[in-house]
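In each ligand, atom 1 is the first atom listed, and ligand 1 is the first ligand listed. No experiment lies behind these values; they were computed from the predicted model shown.
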Amino acid sequence: MLKNIGYAAHDSKTPLVPFNFERREVGAQDVLIEIQYCGVCHSDLHQVRDDWAGSTYPIVPGHEIVGRVLKVGNEVDEFKSGDLAGVGCLVDSCRLCTECNEHLEQFCDSAVFTYNSPDKHTGKMTYGGYSNQIVVDKRFVLRISHRLDLAATAPLLCAGITTYSPLRHWNVGKGDKVGIVGLGGLGHMAVKFAHAFGAHVVLFTTSPGKTEDAKRLGADEIVISKNPDEMKQHLKSLDFILNTVAAAHDLDQYTALLKRDGTMCLVGVPGSPHPSPSIGNLIFKRRSLAGSLIGGLKETQEMLDFCAEHNITSDIELIPIQQINVAFERMLKSDVKYRFVIDLASMETLASQENQESLESLDSGVGAAN
Ligand code: NAP
Ligand code: ZN
Ligand code: ZN
């Protein structure tokens, strides 16, 4: 087994702390990646705090992983040592069902998520990217371009694909008026993509302080969602809304803004349910309320290639792993601009500190014995 070091939550109430654990040896079809950067998704926080119930501790979160290939198995031709590589929310699936055959592995009933998911190799749970290395089957490893800033590429692996996929699925493009709700990790990527696809983008935010940033990111109009007069100006006018909010809220104020036959797609997964939406709001204009989950491997690669071609990355705040608990607290207050990314080089400091401490304790032990 490979000895790894990461940061883990041991329960829903206490901060993440350093954690030593093991990963499987590199199998014939596996890729071993030295993790350089890992984005901090609100889903990490939901699972660490057990918002969705069913968290199994310890949890090593992190599913926006980029780094360098250290080693490949003898049946891997697609990657070689030294290549850049990425891993998103999925590390395995059944590979046989209709969803897998249609490149929609995220909907496979046997999908294995990057962390907090039963790991058929070890019999334990999977451990994510708040760590120094990861071993992943080659089919679930993405190619990463050298043309983009590597740290700012990490959030594409979840925030990127989660917003790209529904915008593509509902054919958002030129001539569409599109609403994006919430300017956090997902929301700021949604604004960039909707703008790149040629849509007229209206950003709905609860944070007036984000207005200037929203314009810079590609929003054509900004609406403070707490202001009913501003909201009213967009009644029955939007073709599509992508709602990225991480907390329960009134959905009716947004469905009312859709045109006839418009759709609001939810990607946020709050810990408690939204108040029930008004059926009247839906039926009288044949509006739809929908949901979407990340994206399959093929589409994730397509999104990464699109980003390399159009020079799209995430706006990030780079942090050492030691600041992860502070980052979580700021995320809870919507104080993120616009994705925290962990620089895993900070883990080496930790590893060498640990080494030093164990040497010191050895020394003092030796001293005491003397
Ligand atoms: P984030 O960076 O924390 O952004 C969420 C944004 O929602 C905040 O910045 C804030 O934007 C807005 N917001 C927060 N609390 C709010 C409230 N009480 N009322 C109204 N707006 C509020 O989170 P994220 O990483 O983008 O993730 C967003 C959600 O998507 C999470 O629930 C996460 O678990 C989920 N997610 C789903 C998928 C999927 O596949 N479906 C994938 C990844 C993440 P403003 O300041 O602009 O209002
Ligand atoms: Zn995520
Ligand atoms: Zn399957």
Sub-4.0 Å heavy-atom contact, Ala159 with ligand 1: no
Ligand 1 contact on Cys89 by region, counting heavy-atom pairs under 4.0 Å: neither
More than 12 heavy atoms of other groups within 6.0 Å of Arg24 CZ: yes
Minimum-distance pair of heavy atoms, taken over all atoms of Cys265 and Trp170: SG-CZ3, 3.8 Å
Ligand-side contact atoms (ligand 1) for residue partner Arg339, heavy atom cut-off under 4.0 Å: 24 (P), 25 (O)
N/O donor-acceptor pair under 3.5 Å between Gln301 side chain and Arg143 backbone: yes
The one among Gly184, Gly209, Ser292 that brings a heavy atom closest to atom 4 (O) of ligand 1: Gly184
Metal-centred angle, the Zn ion (ligand 3) as apex - SG of Cys94, SG of Cys97, 10° resolution: 110°
salt_bridge(Arg286, Asp261) N-O dist < 4.0 Å: yes
Arg216 atom CZ, over 12 foreign heavy atoms within 6.0 Å: yes
Aromatic ring proximity Phe197/Phe306, centre distance under 6.0 Å: yes
Lys138 atom NZ: more than 12 heavy-atom contacts under 6.0 Å: yes
Backbone of Thr263 reached by a side-chain donor or acceptor of Arg287 within 3.5 Å: no
Distance-only side-chain donor-acceptor flag, His249 / Asn243, under 3.5 Å: yes
Element-labelled atoms of ligand 1 that are located less than 4.0 Å from some non-hydrogen atom of Ile294: 39 (C), 40 (O)
contact_flag Val336 ligand 1 heavy-atom lt 4.0 Å: no
Top protein contact for atom 24 (P) of ligand 1, by heavy-atom distance: His42 CB, 3.6 Å
Closest to atom 12 (C) of ligand 1 among Gly182, Ala190, Gly291 (heavy-atom distance): Gly182
Neighbour count above 12 (heavy atom, 6.0 Å) for Lys13 NZ: no
Close approach of Phe340 to ligand 1, heavy atoms, under 4.0 angstrom: no
Whether Cys41 has an N, O or S atom under 2.8 Å from the Zn ion (ligand 2): yes
Parallel, tilted or perpendicular: ring planes of Phe19 versus Phe21, cut at 30 and 60 degrees: parallel
Per-residue contact class, His249 against ligand 1 - non-hydrogen pairs under 4.0 Å: neither
Degrees at the Zn ion (ligand 2) between the NE2 atom of His63 and the SG atom of Cys158, nearest 10°: 110°
Any N/O pair Ala248/ligand 1 closer than 3.5 Å: no
His121 atom NE2: more than 12 heavy-atom contacts under 6.0 Å: yes
Ion pair Arg49/Glu329, N-O distance below 4.0 Å: yes
Contacting atoms of ligand 1, where contact means under 4.0 angstrom from a heavy atom of Ser207: 45 (P), 46 (O)
Within-shell test, Met331 vs ligand 1, heavy atom, strictly < 4.0 Å: yes
Metal site angle (apex the Zn ion (ligand 3)), SG from Cys100 and SG from Cys108, 10 degrees: 100°
Atom indices of ligand 1, in the order listed, that fall short of 4.0 Å to a heavy atom of Thr205: 45 (P), 46 (O), 47 (O), 48 (O)
Atom indices of ligand 1, in the order listed, that fall short of 4.0 Å to a heavy atom of Gly268: 29 (C), 30 (O), 32 (O), 35 (C)
Test of proximity, Gly185 against ligand 1: N or O pairs below 3.5 Å: yes
Non-hydrogen atoms of Cys97 and Cys108 that approach each other most closely: SG-SG, 3.9 Å
Shortest heavy-atom approach to atom 26 (O) of ligand 1 - which of Thr162, Val40, Leu186: Leu186
Gln106, portion touching ligand 1 at heavy-atom distance under 4.0 Å: neither
Under 3.5 Å side-chain donor-acceptor pair for Gln322 and Tyr7: no
For atom 28 (C) of ligand 1, closest protein heavy-atom neighbour: Thr244 O, 3.0 Å
Under 4.0 Å to a heavy atom of Lys210 - the qualifying atoms of ligand 1, by number: 9 (O), 11 (O), 45 (P), 46 (O), 47 (O)
Atom 17 (C) of ligand 1: nearest protein contact (heavy atom, Å): Ala247 CB, 3.8 Å
Where ligand 1 meets Cys158 - atom numbers and elements under 4.0 angstrom, heavy-atom basis: 42 (C), 43 (C)
